[in-house]
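Okay, structure first, notes after.
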Amino acid sequence: NWRSKLKVYLPLKPIKFGFKVYMLAESKSGYILNWVIHEGKKDTLIDIVNKLVHKYQGKGFIVSMDRFYTTIDVITELTKQDFGVYGAIMKSRLFGTKTMLKLLEELGHEESTFFISKDSQIMLSCWKDSKAVTIASNIGDNNVVPIWRRLKKREKVWISHPSKNK
């Protein structure tokens, strides 16, 4: 049992104290391209993401992020560096107008909607299946495509889903 200033409390893990590591991996092979160890509260999320992707800046790569990393500020920063970006975004990280947030609340089952930033750089693609999902992206379009959705009773239905292609 040794001590380190880099150990952090991880409340949702079975082993509560350990090292927090952020990784950038290639999507097909899972090969780790870069990693950064958590050094305390001095780094912002944008700082961490920039450390991970700095070697690949300006090469036209697309970064897919989970909801921990996805914020409007991170997407804006990576857009400036010529990265395509998409990822699920938590509702608490949406800084929209009251009208936009109200529309998201009122979204019915199997309905979808889109929001585009004033500078047309970022799109929010929102739909409600079993729960509301919002994808933030600087790539893609506002088209919807039909997909099969299997219900609980093995019944299949067509639902509209945001397109993945540009």
| message | Between Leu124 and Phe114, is there a side-chain heavy-atom distance shorter than 4.5 Å? | response |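 Heavy-atom side-chain distance check fails, nothing below 4.5 Å.
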| Any side-chain heavy atom of His54 sitting closer than 4.5 Å to one from Asn34? | yes
Linking I/L/V/M/F/W/Y whenever any side-chain heavy atoms sit under 4.5 Å apart, do [X] and [Y] land together?
X	Y	answer
Met65	Tyr31	yes
Phe68	Val74	yes
Phe115	Leu107	no

| note | Members sharing Leu10's hydrophobic cluster, built from side-chain contacts under 4.5 Å between Ile, Leu, Val, Met, Phe, Trp and Tyr, are Val8
Shortest non-hydrogen separation from [X] to [Y] and the atoms involved:
X	Y	result
Ile89	Thr70	CG1-O, 3.6 Å
Leu6	Glu39	CD2-CA, 4.0 Å
Tyr86	Ile139	CD2-CD1, 3.8 Å

| said: Could you go through Gln81 and Asn50, starting from their C-alpha distance and side-chain angles, then the distance that decides it, and tell me whether this counts as side chain to side chain donor-acceptor pair (under 3.5 Å)? | reply: CA-CA 10 Å; Gln81 298 177 34; Asn50 278 331; 2.7 Å; yes
Quick check for you: to the nearest 0.5 Å, what is the distance between [X] atom [atom1] and [Y] atom [atom2]?
X	Y	atom1	atom2	answer
Ile72	Gln121	CD1	CD	12.0 Å
Asp82	Gln57	CG	CD	8.5 Å
Leu45	Glu77	CG	CD	11.5 Å
Asp119	Thr79	CG	OG1	8.5 Å
Met123	Ile75	CE	CD1	10.5 Å
Arg93	Thr134	CZ	OG1	13.5 Å

Within 6.0 angstrom of [X] [atom1], more than 12 heavy atoms from elsewhere:
X	atom1	result
Lys13	NZ	no
Phe83	CZ	yes
Leu33	CG	yes

| query | Can we call the ring centroids of Tyr56 and Phe61 under 6.0 Å apart? | reply |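 They qualify: ring centres under 6.0 Å apart.
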Just list the side-chain donor-acceptor pairs under 3.5 Å for residues 17-26, sequence neighbours left out, or say none.
{"residue": "Tyr22", "atom": "OH", "partner": "His38", "partner atom": "ND1", "Å": "3.1"}
{"residue": "Glu26", "atom": "OE1", "partner": "Lys28", "partner atom": "N", "Å": "3.1"}
{"residue": "Glu26", "atom": "OE1", "partner": "Ser29", "partner atom": "N", "Å": "2.7"}
{"residue": "Glu26", "atom": "OE1", "partner": "Ser29", "partner atom": "OG", "Å": "2.8"}
{"residue": "Glu26", "atom": "OE2", "partner": "Lys28", "partner atom": "N", "Å": "3.3"}

| Hey, is the main chain of Val85 close enough, under 3.5 Å, to the side chain of Asn138 for a donor-acceptor pair? | yes
| query | Is there a donor in the side chain of Asp73 and an acceptor in the side chain of Thr71, or the other way round, less than 3.5 Å apart? | reply | no
